[in-house]
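Remarks on the structure that follows.
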Amino acid sequence: MDEQNYPAGMGLIAMTIKDSLDSSDYHYDFEDERFEMGFTLDNDRVKVRIFYSEEKEWFSIVVFPSHAIPVGKVEKILPTLNNINKKLLFGTFFVDPEDGELTFRVSTSVDNRSINDTMVAVMLSTSLNTVDENINDIMKTLYGD
């Protein structure tokens with residue numbers, strides 16, 4: 001990793017995330033300890049934000065499906081999200097009860113500089129696949145009755 005090719009002040013975590021995204025030719029925006037991009041999946045279009053903290057040595061991938069849960073149906077979706085989360089080995093679905101925003105999040109610490117391009121790529125692809133595999137069941141719960 002040649003640090004001369006990165007913006008001033010960019011630390012190891014940010015450089016590694018940037019390298020992983022660049023090696024996959026992803027287009028993203030970067031600012032204030034956050035990478036942001038969009039993807040079209042088989043079953044949804046999603047927004048992805050990768051947050052990180054160099055100081056606290058962690059990063060988190062948050063996937064925002066295009067569907068919000070109507071606030072009046074948040075309680076209806078909770079058992080489905082709990083069942084999905086129970087089966088997942090990696091990550092968690094959340095719904096904000098105040099605005100119905102649905103998200104999938106996975107986070108990891110990278111203490112002792114234990115981060116590499118592969119870790120970032122696997123976390124991102126697994127997060128995208130998990131949302132794509134579960135979004136239809138979530139929507140069926142909401143609108144299937």
Side-chain angles (χ1 to χ4, degrees), residues 1 5-7 10-145:
M1 197 177 305
N5 296 326
Y6 302 95
M10 186 176 263
L12 176 67
I13 296 170
M15 287 187 291
T16 305
I17 294 167
K18 181 182 184 321
D19 284 347
S20 181
L21 298 175
D22 288 346
S23 70
S24 295
D25 290 325
Y26 294 141
H27 300 279
Y28 56 87
D29 294 320
F30 170 73
E31 65 177 73
D32 298 328
E33 298 187 333
R34 180 181 79 203
F35 294 83
E36 187 168 330
M37 67 216 79
F39 292 91
T40 300
L41 309 176
D42 290 339
N43 297 306
D44 202 3
R45 287 185 332 268
V46 297
K47 178 173 47 173
V48 174
R49 291 185 183 144
I50 303 176
F51 300 95
Y52 67 92
S53 172
E54 299 286 349
E55 180 183 336
K56 295 182 180 178
E57 299 181 305
W58 61 262
F59 76 97
S60 182
I61 296 175
V62 182
V63 180
F64 299 84
S66 64
H67 308 283
I69 307 302
V71 174
K73 294 189 177 196
V74 166
E75 284 190 36
K76 182 177 182 180
I77 197 64
L78 292 178
T80 297
L81 294 181
N82 284 340
N83 286 334
I84 291 169
N85 286 336
K86 205 168 43 171
K87 295 174 188 171
L88 293 177
L89 298 175
F90 184 81
T92 307
F93 279 96
F94 296 94
V95 63
D96 184 328
E98 293 191 19
D99 65 8
E101 181 178 60
L102 180 64
T103 59
F104 177 80
R105 183 178 66 210
V106 62
S107 303
T108 189
S109 63
V110 289
D111 53 338
N112 299 318
R113 308 177 84 61
S114 60
I115 184 172
N116 60 52
D117 296 2
T118 302
M119 172 192 285
V120 175
V122 167
M123 286 179 63
L124 179 56
S125 66
T126 302
S127 296
L128 294 171
N129 289 336
T130 300
V131 170
D132 205 36
E133 291 169 3
N134 289 284
I135 195 68
N136 287 339
D137 289 339
I138 292 168
M139 292 301 110
K140 284 178 190 172
T141 298
L142 287 176
Y143 303 111
D145 293 341

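What you are looking at is a predicted structure, and each value in this text was computed from that prediction instead of being measured.
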From CA spacing to verdict: side-chain contact (heavy atoms from CB on, under 4.5 Å), Ile84, Thr130: CA-CA 10 Å; Ile84 291 169; Thr130 300; 5.8 Å; no
Non-hydrogen side-chain atoms of Val110 and Met119 separated by less than 4.5 Å: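 Of all side-chain heavy-atom pairs linking Met119 with Val110, at least one is under 4.5 Å.
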For the residue pair [X] and [Y], what are the closest heavy atoms and their distance?
| X | Y | value |
| --- | --- | --- |
| Lys18 | Tyr28 | CG-OH, 3.2 Å |
| Leu81 | Phe94 | CD1-C, 4.4 Å |
| Val120 | Ile61 | O-CD1, 4.3 Å |
| Val62 | Arg105 | CG2-CG, 3.8 Å |
| Phe90 | Val106 | CZ-CG2, 3.4 Å |
| Glu57 | Ile13 | CA-CD1, 3.8 Å |

Donor-acceptor contact below 3.5 Å, side chain Ser20 vs main chain Thr16: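 Between the backbone of Thr16 and the side chain of Ser20 there is no qualifying donor-acceptor contact (under 3.5 Å).
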Main-chain N/O of Lys47 paired with Glu36 side-chain donor or acceptor, under 3.5 Å: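 Checked: no pair found.
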Member of Thr40, Leu128, Ile135, Asp132 meeting the side chain to side chain contact (heavy atoms under 4.5 Å, CB included) criterion with Val46: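 With Val46 as partner, side chain to side chain contact (heavy atoms under 4.5 Å, CB included) holds for just one option, Leu128.
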First locate atom [atom1] of [X], then atom [atom2] of [Y], and finally report the distance between them rounded to the nearest 0.5 Å.
| X | Y | atom1 | atom2 | answer |
| --- | --- | --- | --- | --- |
| Thr103 | Phe93 | OG1 | CZ | 9.0 Å |
| His27 | Asp22 | NE2 | CG | 10.0 Å |
| Met10 | Glu54 | CE | CD | 8.5 Å |
| Met139 | Asn136 | CE | CG | 8.5 Å |
| Arg34 | Ile17 | CZ | CD1 | 13.0 Å |
| Phe59 | Phe51 | CZ | CZ | 13.5 Å |

Donor-acceptor pairs under 3.5 Å, side chain of residues 65-74 to any protein atom, not counting sequence neighbours: which ones?
residue	atom	partner	partner atom	Å
Ser66	OG	Asp44	OD1	2.4
Lys73	NZ	Leu142	O	3.3

Working for side-chain contact (heavy atoms from CB on, under 4.5 Å), residues Phe35 and Val48: CA-CA 8 Å; Phe35 294 83; Val48 174; over 6 Å; no
Selection residues 79-101 - residue pairs positive for side chain to side chain donor-acceptor pair (under 3.5 Å), sequence neighbours left out: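 Residue pairs passing side chain to side chain donor-acceptor pair (under 3.5 Å), neighbours aside: Thr80-Thr141.
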side-chain contact (heavy atoms from CB on, under 4.5 Å) between Ile115 and Tyr52, intermediate numbers included: CA-CA 12 Å; Ile115 184 172; Tyr52 67 92; over 6 Å; no
Test ring-ring contact (aromatic ring centres under 6.0 Å, His included) applied to Phe39 - qualifying residues, sequence neighbours left out: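 Testing Phe39 for ring-ring contact (aromatic ring centres under 6.0 Å, His included), a comparison that skips the adjacent residues, returns Tyr26.
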Intermediate values then yes/no, side-chain contact (heavy atoms from CB on, under 4.5 Å), Trp58 and Ser107: CA-CA 7 Å; Trp58 61 262; Ser107 303; 5.5 Å; no
